[in-house]
Number of protein chains: 2
Amino acid sequence: MDVKTLCLGVLTEGDKTGYEIKRCFEDAFSHFFVAGFGSIYPALAELSRRGLVTSRGVEQEGRPDKKIYSITPEGERALAAELAGTPPRHKVRSQFLALMYFAHLLPPERVAGIIDQMIAQWEPTVAKIEGCVTAEQLTPGMRFAAGYGRAVLGAALAYVRANKEDLVREVAAATDREPLALAGE
Amino acid sequence: MDVKTLCLGVLTEGDKTGYEIKRCFEDAFSHFFVAGFGSIYPALAELSRRGLVTSRGVEQEGRPDKKIYSITPEGERALAAELAGTPPRHKVRSQFLALMYFAHLLPPERVAGIIDQMIAQWEPTVAKIEGCVTAEQLTPGMRFAAGYGRAVLGAALAYVRANKEDLVREVAAATDREPLALAGE
DNA sequence: ACCACCATGTAAACGGTTACATGATTAC
DNA sequence: GTAATCATGTAACCGTTTACATGGTGGT
C-alpha cells in the first residue's frame, strides 16, 4: 500500500487532476499518510503506464494545462486486490519523541520550545479533522479514520500540555546539578 | 535525525554491541522509531568510519565474536549538534487507517479482522511501555516519551474498541444495498 | 512588492527494508 | 525437532524527499 494505491482510491470518488489529488492527501489523509508532488506525479505516470488510470488533457487560459485522471476497470480490480491483500501496518517515526527521550542532553528552553512547536503543528490538524468527523456524506470508514485522528491527536495534545512544565522543570534541575555535560557545546 | 543519531544517543548510556542497540530500539523506541539490523549495522559502520564511535572486538566461545561500541568525544559533540538542530517532526504512515478510509470497498469481515489485528499489535506494546513509565532510574525525558506512548496508544485502543462494531455494521449495511461494487472481485 | 494558488513534471540523492549468508547454544 | 537467542554483516531494491524548472493570476 503506497502512494499509487491511495491515488487509485481517491479516484474511485471521481476524476481528479494530480493537483487535486494532492489536496485530497492534505485534507483527508494528512494525519496518517503524507505525500508531496514528487511522489504523486510519478505515481500517476506509473499507474497510467500500467493502464490502471487514463487521463485526458484540458487546455486552460491563463493557467497551465491540466490532466484529468480517471480510474479504469482494471484499476478498480487492482485496487480491490491491493486492499484485500495489504496487512494493516501502522508506523510512527517521531523525531519529536526521540528529542524528548534525550531531553537531558538539551537546554531546558529548547525542550519547552520543541513542545510548543508540536502543539502549534497539531492544533490546526485537529481542527481540520474536526470538520471531517461531523461532515455528512462521508462513508463510515472515512468518519472512522477521522474520528481516530481526533481521538489520538487529542490525547497527544492533552498529554504534552499536561506534562510540559514538569518535564522542563526536571530537565532544568538536572542541568543545574550536572552543568553542561553535553548540552552546552 | 536518523538511525545513526539514535545509535549515538543510546551509546551515551554506556557501551553496547550492535545487537544490544537493536534491543534498545525494541525496548525503548519501538512506539516511535523502528529500526532493524539492516539499518543499525551499516549506521554503526558509518559512525565508526567518521570517528564518532570506536569499537573493540571481544572473542567469545560458542558464540560469534562481538564488537562493543563506545561513543567518542567527537561523537558526543556531533550528537549535541544534531539534537540542537533537528526540527521536531512526527510522522505517521498508517496502512491501517488507509484501509479503514476505504472500508466501503472491503468485505465487512475483513474490516473486523483488520481492527482485531491492530488491537493484537498494540496491546503488547502498551504493556511494554507501562513498565517504562513507572520504572525508576529513567531520565525525565524517557518517562515523558513512555508516558506519551501510553496515553496515545491507550487512546487508539479505546477508540477502535468503541467504534469497531458500529463501523462493521455500517459497512455491512452498505454492502447489502450496493452488493459487490468492488469488494467481491 | 510579495506571497499563495494553480499546474506539471524530472533527476539525483537519501535512507530504509528485505533477503541472503553463517552458525552454535539453550529451552520447550 | 523446533524455535528463539546471540552475533555480524552485505547487496539489491524500493520508495520518498528535495531541489530544480517554468509561469500566469489574484489578493494584501
### Query
Linking Ile, Leu, Val, Met, Phe, Trp and Tyr by side-chain heavy atoms under 4.5 Å, what else ends up with A:Val34?
none
### Interface residues of residues 38-46 of chain B with DNA chain C (non-hydrogen, below 4.0 angstrom)
B:Gly38, B:Ser39
### Summary
In whole angstroms, the gap separating C1' of D:dT16 from CG of A:Leu6 amounts to 14 Å
Can you tabulate the close N/O pairs, meaning under 3.5 Å, that link protein atoms to atoms of nucleotides 25-28 of chain D?
none

## Note on the structure
Bounded by its outermost nucleotides with an atom under 4.0 Å from a heavy atom of chain B, the footprint on DNA chain C reads C:dG16 to C:dT25
#### Entry: Heavy atoms from other residues, nucleotides or ligands near CZ of B:Arg89 exceed 12 (cutoff 6.0 Å)
no
### Task
Check the distance between D:dA7's P and B:Phe37's CZ and give it to me in whole angstrom.
10 Å
### Message
Would you call the rings of A:Phe32 and B:Tyr101 parallel, tilted or perpendicular, taking 30° and 60° as the class edges?
### Response
tilted
### Query
Looking at B:Leu8, B:Ile21, B:Thr17, B:Leu52, which hits side-chain contact (heavy atoms from CB on, under 4.5 Å) with B:Leu44?
B:Ile21
### Query
Is there a donor-acceptor pair under 3.5 Å between the side chain of B:Arg110 and the backbone N or O of A:Ala84?
yes
### Task
Indicate yes or no: at least one non-hydrogen side-chain atom of B:Met1 is less than 4.5 angstrom from one of B:Leu83.
yes
#### Entry: 5' precedence on DNA chain D between B:Lys66 and A:Asp2 (nearest-nucleotide basis)
B:Lys66
### Summary
Interatomic distance, CG@B:Leu106 vs CD1@B:Ile114, rounded to 0.5 Å, equals 5.0 Å
### Query
Toward the 5' end of DNA chain D, which comes first, B:Asp65 or A:Met1, by nearest nucleotide?
B:Asp65
### Query
How far apart are the C-alpha atoms of B:His31 and A:Val92, what are their side-chain angles, what is the distance that settles it, and do they pass the side chain to side chain contact (heavy atoms under 4.5 Å, CB included) test?
CA-CA 7 Å; B:His31 65 103; A:Val92 179; over 6 Å; no
### Message
I need the OH-P distance between B:Tyr19 and D:dT5, as an integer number of Å.
### Response
7 Å
### Query
When the ring planes of B:Trp122 and A:Tyr148 are compared, do they come out parallel, tilted or perpendicular, using 30° and 60° as the limits?
parallel
### Message
Given 3.5 Å as the limit, does a donor-acceptor pair link the side chain of A:Tyr159 with the main chain of B:Gly149, or not?
### Response
no
### Query
Between A:Phe37 and A:Tyr41, how do the two ring planes meet: parallel, tilted or perpendicular, split at 30° and 60°?
parallel
### Whole angstrom value for the distance that separates P of D:dC14 from CZ of A:Arg89
15 Å
### Query
Judged by atom type as modelled, is there a donor-acceptor pair below 3.5 Å linking the side chain of B:Thr134 to the main-chain atoms of B:Gly131?
yes
### Query
Do the side chains of B:Ile129 and B:Val126 get nearer than 4.5 Å, heavy atoms only?
no
#### Entry: Close side-chain approach of B:Arg56 to B:Asp15, heavy-atom, < 4.5 Å
yes
### Message
What residues from residues 21-35 of chain B pass a heavy-atom cutoff of under 4.0 Å to DNA chain D?
### Response
B:Arg23
### Task
Take B:Arg23 and B:Glu26 through the salt bridge (Lys or Arg N to Asp or Glu O under 4.0 Å) test and state the conclusion after the steps.
CA-CA 5 Å; B:Arg23 272 213 313 252; B:Glu26 277 162 12; over 6 Å; no
#### Entry: Rounded distance [0.5 Å steps], CG in A:Asn163 versus CZ in A:Arg161
12.5 Å
### Message
Using C1' atoms of five pairs at each end, report the bend of the helix from C:dA1-D:dT28 to C:dC28-D:dG1 rounded to 10 degrees.
### Response
60°
